[in-house]
*Asks:* 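One structure follows; several queries about it will come next.
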Protein chains: 2
Amino acid sequence: MYKIEFDNFFTYSFSSDCIIFGFRNGEISVLLIKRAMEPFKDKWAIPGDLVYPDEDLLDASKRILFELTQLNDIDLHQAQTFGKPNRHPQGRVITCAHFALLRINDFHAEASSWAKEVAWIPIHKVPELAFDHDEILSSTYDLLKQKLAIEPVCFDMLPEKFTLSEMQSLYEYAFDTTMDKANFRKKIKSIPIKKLSEKQQNVKHRPAQLFSFDQDRFIEMVKTDHYTFKMY
Amino acid sequence: MYKIEFDNFFTYSFSSDCIIFGFRNGEISVLLIKRAMEPFKDKWAIPGDLVYPDEDLLDASKRILFELTQLNDIDLHQAQTFGKPNRHPQGRVITCAHFALLRINDFHAEASSWAKEVAWIPIHKVPELAFDHDEILSSTYDLLKQKLAIEPVCFDMLPEKFTLSEMQSLYEYAFDTTMDKANFRKKIKSIPIKKLSEKQQNVKHRPAQLFSFDQDRFIEMVKTDHYTFKMY
DNA sequence: AAGTATTATTGTCCATTTGACAATAAGTGA
DNA sequence: TCACTTATTGTCAAATGGACAATAATACTT
């Protein structure tokens with residue numbers, strides 16, 4: 001049984017790492033920090049820190065993300081846990097990855113605490129990271145791609161009002177492919193988005209129709225079991 | 001940064017719970033143990049125990065599963081981590097769920113260590129479990145269903161040699177639905193299974209053709225990128 | 001031996017979806 | 001007005017999917 005009375009079982013600590021994804025200029029980016037302290041000083045890393053002994057994992061993630069990047073009120077979700085005994089040079093630290101998707105332009109991230117710098121870095125241009133963060137990022141990006149394929153999470157990264165071409169370009173980037181415009185539009189016919197009365201502004205060509213996610217219709221579809229998202 | 005030098009961060013411990021699924025008599029079952037010790041003595045629970053301070057999570061899961069059920073050499077995969085501060089009555093225990101799929105008849109599970117009894121219990125007939133194990137089981141079963149939909153994992157639970165009707169019944173049970181036999185067979189045309197020279201034995205009706213998973217063809221398809229599994 | 005019951009297997013028809021590609025629309029700027 | 005660019009819609013054939021019918025192989029019954 002759980003031998004929690006044994007002192008030698010309390011020799012590890014537990015952390016949370018926050019992988020924050022966004023979409024901008026046709027690229028999926030991730031929010032990283034530059035470390036101001038050893039180990040891995042000046043290396044880029046996923047924002048993360050220790051969980052307090054009496055703190056819930058999700059609460060801890062939100063606190064840690066805020067402490068390091070000033071991002072507040074972010075809707076985090078759990079991803080994988082990483083626990084190789086030697087993954088942290090200073091001791092046994094098991095870390096639980098959490099991720100969130102957000103609209104980059106709706107937030108302002110700013111380095112604080114022991115973060116020296118923060119930056120949105122396109123996923124394909126991420127440098128080598130501290131600790132085993134390359135593996136954590138890669139595994140969590142895989143999870144994101146899986147979610148994009150079967151859940152309407154793209155709308156968390158797209159602007160509130162988006163064009164169908166923007167939506168398509170997000171999928172093309174994630175799945176590393178190109179799609180036919182006409183066929184993409186047919187494919188998303190069953191996805192609950194609503195046509196707005198507005199059009200794109202300040203473009204030097206025919207302005208595109210703007211759309212937004214139709215939350216009400218989505219909820220209704222889920223309730224009546226008429227919903228299956230398939231985007232691959 | 002990680003303040004692992006602070007003693008008060010070493011007041012939690014870490015465990016692994018092993019959710020083992022199998023398929024028998026048209027039902028997906030899970031391997032549970034009856035606890036021989038407090039807390040929750042005599043309650044059914046998911047087999048799990050503490051991870052050693054220098055032990056890898058996956059190694060720990062295999063060791064723990066063997067200690068409690070004598071199941072050896074099981075291919076476990078990580079699922080969700082559960083860490084509510086009060087989930088364990090005797091202290092802060094964060095647990096990482098691991099799951100495996102196996103052919104029930106190819107293994108013999110036997111209670112040992114502090115497990116008083118082990119049993120394969122159909123997923124729809126599981127009694128109330130110890131700790132937050134109801135939530136852990138339910139979340140992991142959801143994960144299983146998701147995997148069944150997009151990966152060829154059904155073959156880990158089906159007998160080595162199976163009939164198409166058995167395969168269909170697994171999906172019908174998991175997705176809680178019924179499918180047309182002819183259409184099911186069309187749907188799986190692209191799945192790498194091979195027709196064997198044998199037929200079903202000892203049935204009182206027309207014996208069905210036996211099939212087995214075609215590992216070679218599967219690997220070839222993955223390599224050449226000609227593989228997408230869609231079973232929903 | 002013939003007929004019945006049961007499950008396996010295959011085929012057909014039609015509606016829907018998918019993929020490739022063409023045609024048209026609505027803006028800007030020269 | 002014309003060229004240029006991206007948006008949007010339409011077409012057609014192929015592939016897929018769902019409902020349902022027809023046939024096959026085995027054991028069991030009479």
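Naming convention: chains lettered A, B, ... in sequence-line order (proteins, then strands); numbering from 1 in each chain.
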*Asks:* Taking any heavy-atom pair under 4.0 Å as a contact, classify T163(B): base, sugar-phosphate, or nothing.
*Replies:*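 Nothing, no heavy atom under 4.0 Å.
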*Asks:* Using a cut-off of under 3.5 Å, enumerate the N/O to N/O pairs linking the protein to nucleotides 15-18 of chain C.
*Replies:*
none

*Asks:* Should E172(B) and M179(B) be marked as a side-chain contact (heavy atoms from CB on, under 4.5 Å) after you check the CA-CA gap, both sets of side-chain angles, and the distance that decides it?
*Replies:* CA-CA 7 Å; E172(B) 290 182 335; M179(B) 313 179 189; 3.9 Å; yes
*Asks:* Could you label the plane-to-plane angle of the Y141(B) and F21(B) rings as parallel, tilted or perpendicular, counting under 30° as parallel and over 60° as perpendicular?
*Replies:*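 Ring orientation of Y141(B) relative to F21(B): tilted.
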*Asks:* Knowing that exactly one of L68(A), I33(A), L32(A) qualifies, which makes a side-chain contact (heavy atoms from CB on, under 4.5 Å) with V118(A)?
*Replies:*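 Going through the options one by one, the only one that passes is I33(A).
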*Asks:* Considering only side-chain heavy atoms of D180(A), which listed nucleotide, dT8(D), dA20(C), dT9(C), is closest?
*Replies:*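 The closest nucleotide is dA20(C).
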*Asks:* To the nearest Å, give me how far apart CZ (R185(B)) and P (dC20(D)) are.
*Replies:*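 R185(B) atom CZ is separated from dC20(D) atom P by 19 Å.
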*Asks:* Take M231(B) and I191(B) through the side-chain contact (heavy atoms from CB on, under 4.5 Å) test and state the conclusion after the steps.
*Replies:* CA-CA 10 Å; M231(B) 211 51 215; I191(B) 291 178; 4.1 Å; yes
*Asks:* Reading nucleotides 24-30 of chain D from the 5' end, what letters show protein touch, with B for base, S for backbone sugar-phosphate only, - for no heavy atom under 4.0 Å?
*Replies:* BBBS---
*Asks:* What contact category does Q200(B) fall into here, base, sugar-phosphate, or nothing, at under 4.0 angstrom with non-hydrogen atoms?
*Replies:*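 The answer is nothing, as Q200(B) stays clear of every strand by at least 4.0 Å.
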*Asks:* Using a strict 4.0 Å threshold on nitrogen-to-oxygen distance, state whether E135(A) and R87(A) make a salt bridge.
*Replies:*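 Salt bridge between E135(A) and R87(A), a charged N being under 4.0 Å from a carboxylate O: no.
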*Asks:* Send over the distance from Q168(B) CD to dG17(D) P, rounded to a whole Å.
*Replies:*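 Whole-Å distance recorded here is 15 Å.
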*Asks:* In plain terms, say whether K145(B) and D142(B) are close enough for a salt bridge, that is, a side-chain N and a carboxylate O under 4.0 Å apart.
*Replies:*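 A salt bridge is present here (some side-chain N lies under 4.0 Å from a carboxylate O).
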*Asks:* Write down the distance between CD1 (I188(A)) and C1' (dT8(D)), rounded to a whole number of angstrom.
*Replies:*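 To the nearest whole Å, that distance equals 12 Å.
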*Asks:* Is the distance from the ring center of Y232(A) to that of Y171(A) below 6.0 Å?
*Replies:*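 No, the ring centres sit 6.0 Å or more apart.
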*Asks:* Would you give me the side-chain donor-acceptor pairs under 3.5 Å for residues 197-218 of chain B, sequence neighbours excluded?
*Replies:*
unit_1, atom_1, unit_2, atom_2, d
E198(B), OE1, K161(B), NZ, 3.2
E198(B), OE2, K161(B), NZ, 2.7
Q200(B), OE1, A208(B), N, 3.0
Q209(B), NE2, L196(B), O, 2.5
Q209(B), NE2, E198(B), O, 3.2
D214(B), OD1, D216(B), N, 3.4
D214(B), OD1, R217(B), N, 3.1
R217(B), NH2, I193(B), O, 3.2

*Asks:* Between atom CD in Q201(B) and atom P in dT7(C), what is the gap in whole Å?
*Replies:*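 After rounding, the gap between these two atoms is 18 Å.
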*Asks:* Taking atom P of dT16(D) as reference, at what distance in whole Å does atom CZ of F184(B) sit?
*Replies:*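 Distance check: F184(B) CZ to dT16(D) P gives 17 Å.
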*Asks:* For residues Y173(A) and H124(A), establish whether the separation of their ring centroids is below 6.0 Å.
*Replies:*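 That pair passes the under 6.0 Å test.
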